[in-house]
Structure formats: C-alpha cells, structure tokens
Undergrad: 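I have a structure here, written as structure tokens, and I will follow up with some questions on it.
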Amino acid sequence: VVAMAEVKPGYKPLGRLLVATDPGGPTSGYRLLLASADSPAAVTLSSHFNSQEGFDAFHMVGVVRGKLVDLYDGPYLYSLGEETEQCEILDHREAPSVFEVRKQKHHGLADIGIAIDYTAICTNGDASQQVETKSFPMRLVFDGARYEGDTSPLDDFNAKFAE
C-alpha cells in the first residue's frame, strides 16, 4: 500500500492505494518523482524469482488534483539464467538505467523518461564475458487521467524468451 499526505501547511491525507503487482514477492519503494509542483509520484517495484527466471514489475501512483490515483502499471522486466552449448550460465538481465521526469509536460504533468538496459553475460568457470547489450528507451505521457507509453519493443524482445 502506498499512502500519501500533505504535511505543510496542514496535515491532509491524499489517499492510499494497493500497488502490489506481483503476488510472488513484496512491493518496495523504488523512486519518488515530482511530476509537477503539487503532484508527487511514487514508483514501486515488486519482484520474484522462480528457479532461473526473474520478474520485476513497476507501478506508479501519484497525486492528481489533490487525490492519490493509479498513474501507470509497468514496465515489466524479465531475467533468465540458462545453460547453453557455449556458456555454463548465460545470464540475461534487464534493469532500469533511467526513470525520471522530463521537461516537457502534457495536461500539467511532466513526461516520464524510462530506459531499460538488457545485458547478456556468458560465464564459464571464473571467466565472464558480456555478449550482448540493448537499450529500450520509452517516454510516458500524461493523458489527463493516466500515463501512457509504448513498451512494445521491450515486450516483443521479451516474447522471444517464452518461445
């Protein structure tokens, strides 16, 4: 649960929302963003690992017109460790390298810039070598009620792991 309140000039609760996006793991705070002078946004992270797979789910809630609201669900990241012919362990990892407000605004709230970096590392014994990297930049734009953004390049890339 994320709860927000105005502290000054006088205490005023702004609301609370359930933000658990992944029932396999606990939700933790990831980042606090200021989408406008009176619109803080909290980004939470839920993660879990099953055997060789890892899942990270981000969720953003924030204050819009004085109330705490659900702003964006995502991005969803995938990680995998697997044995291949060339690698004792081929470690596929996705992690955010950018999660920040941008100068441009829509409907009064700043755009949010996100970049997800993918890295594949081949490990044999004590030797490790990076074999692939990719970056997936995206921009979230506030439509007056929620943030919208195109995550299809990341989603399409992750779909190949499910094949």
Side-chain angles (χ1 to χ4, degrees), residues 1-2 17-36 39-64 68-123 128-163:
V1 174
V2 170
L17 291 172
L18 178 65
V19 297
T21 56
D22 183 349
T27 299
S28 61
Y30 175 73
R31 183 149 300 154
L32 184 62
L33 304 172
L34 195 57
S36 76
S39 295
V43 180
T44 64
L45 170 62
S46 295
S47 301
H48 81 264
F49 294 90
N50 292 334
S51 183
Q52 300 161 327
E53 295 180 300
F55 302 90
D56 292 330
F58 291 85
H59 193 96
M60 184 168 50
V61 298
V63 178
V64 176
L68 185 64
V69 296
D70 189 6
L71 290 175
Y72 187 75
D73 199 14
Y76 301 102
L77 309 186
Y78 181 73
S79 298
L80 172 69
E82 62 180 336
E83 185 178 331
T84 67
E85 288 182 18
Q86 298 81 18
C87 308
E88 290 174 10
I89 296 179
L90 179 57
D91 192 24
H92 306 271
R93 293 285 168 221
E94 294 177 350
S97 59
V98 174
F99 213 125
E100 62 191 15
V101 294
R102 300 292 189 192
K103 290 182 181 179
Q104 189 170 0
K105 292 183 177 189
H106 290 87
H107 299 280
L109 295 187
D111 292 0
I112 306 292
I114 302 173
I116 304 302
D117 289 345
Y118 163 81
T119 305
I121 297 175
C122 179
T123 302
S128 293
Q129 179 182 4
Q130 185 172 298
V131 293
E132 185 179 6
T133 62
K134 291 184 181 294
S135 186
F136 299 92
M138 53 193 92
R139 181 177 291 267
L140 303 181
V141 175
F142 188 66
D143 69 5
R146 291 181 49 89
Y147 276 94
E148 297 292 331
D150 182 14
T151 62
S152 61
L154 177 64
D155 298 337
D156 292 346
F157 179 76
N158 285 337
K160 77 178 187 177
F161 293 111
E163 296 172 351

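Please read all numbers here as calculations on a predicted model, not as lab measurements.
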Undergrad: To the closest 0.5 Å, what do you measure between CD (Q104) and CD1 (I112)?
TA: 12.0 Å

Undergrad: In Å and rounded to the nearest 0.5 Å, what is the CZ to CG distance from F58 to D56?
TA: 5.5 Å

Undergrad: Mind checking whether E94 and L154 have side chains closer than 4.5 Å, heavy atoms only?
TA: yes

Undergrad: Go through it in stages, so that I can follow the logic: the residues are D91 and T123, the test is side-chain contact (heavy atoms from CB on, under 4.5 Å), and I'd like the CA-CA distance, side-chain angles, deciding distance and then a yes or no.
TA: CA-CA 8 Å; D91 192 24; T123 302; 5.7 Å; no

Undergrad: Holding to side chain to side chain contact (heavy atoms under 4.5 Å, CB included), I want the full list of residues that pass it with A42, two or more places apart in sequence or in another chain.
TA: V2, M4, L32, V61

Undergrad: Hey, what do you get for SG (C87) to CD (E82), rounding to the nearest 0.5 Å?
TA: 8.5 Å

Undergrad: Working to the nearest 0.5 angstrom, can you tell me the gap between S39 OG and K105 NZ?
TA: 8.5 Å

Undergrad: More than 12 heavy atoms of other residues, nucleotides or ligands under 6.0 Å from CD1 of I89: yes or no?
TA: no

Undergrad: Decide if atom CD of E83 counts as having more than 12 heavy atoms of other residues, nucleotides or ligands within a radius under 6.0 Å.
TA: no

Undergrad: If you define the side chain from C-beta out and look only at heavy atoms, does anything of T151 sit under 4.5 Å from I114?
TA: no

Undergrad: For side-chain contact (heavy atoms from CB on, under 4.5 Å), just list the numbers for Q130 and T119, CA-CA rounded to whole Å, side-chain angles, deciding distance to a tenth of an Å, and then say yes or no.
TA: CA-CA 7 Å; Q130 185 172 298; T119 305; 3.7 Å; yes

Undergrad: What I'd like to find out is whether the side chain of V64 reaches to under 4.5 Å of the side chain of L71, using heavy atoms alone.
TA: yes

Undergrad: Carefully, step by step, assess L77 and F55 under the rule side-chain contact (heavy atoms from CB on, under 4.5 Å).
TA: CA-CA 6 Å; L77 309 186; F55 302 90; over 6 Å; no

Undergrad: Please check if any side-chain donor atom of H92 sits under 3.5 Å from a side-chain acceptor atom of Y118, or the reverse.
TA: yes

Undergrad: With sequence neighbours excluded, tell me which residues meet side chain to side chain donor-acceptor pair (under 3.5 Å) with Y78.
TA: E53

Undergrad: How many angstroms lie between atom NE2 of H106 and atom OH of Y147, to the nearest 0.5 angstrom?
TA: 10.5 Å

Undergrad: Please assess F99 against L33 for the test side-chain contact (heavy atoms from CB on, under 4.5 Å), listing each intermediate value before the final yes or no.
TA: CA-CA 9 Å; F99 213 125; L33 304 172; 4.1 Å; yes

Undergrad: Taking all non-hydrogen atoms of both residues, which atom of I121 and which atom of S128 are closest, and how far apart?
TA: CG2-CB, 4.0 Å

Undergrad: Mind checking whether T44 and Y30 have side chains closer than 4.5 Å, heavy atoms only?
TA: no

Undergrad: Indicate whether any N or O donor in one side chain lies under 3.5 Å from an N or O acceptor in the other, for D70 and H59.
TA: yes

Undergrad: Name every donor-acceptor pair, under 3.5 Å, that has one atom in a side chain of residues 132-143 and the other anywhere in the protein, sequence neighbours excluded.
TA:
unit_1: S135; atom_1: OG; unit_2: D117; atom_2: OD1; d: 3.0
unit_1: R139; atom_1: NH1; unit_2: D111; atom_2: OD2; d: 3.3
unit_1: D143; atom_1: OD1; unit_2: A145; atom_2: N; d: 2.9
unit_1: D143; atom_1: OD1; unit_2: R146; atom_2: N; d: 2.8

Undergrad: Would D156 and S152 count as having a side-chain donor-acceptor pair, cut-off 3.5 Å?
TA: no

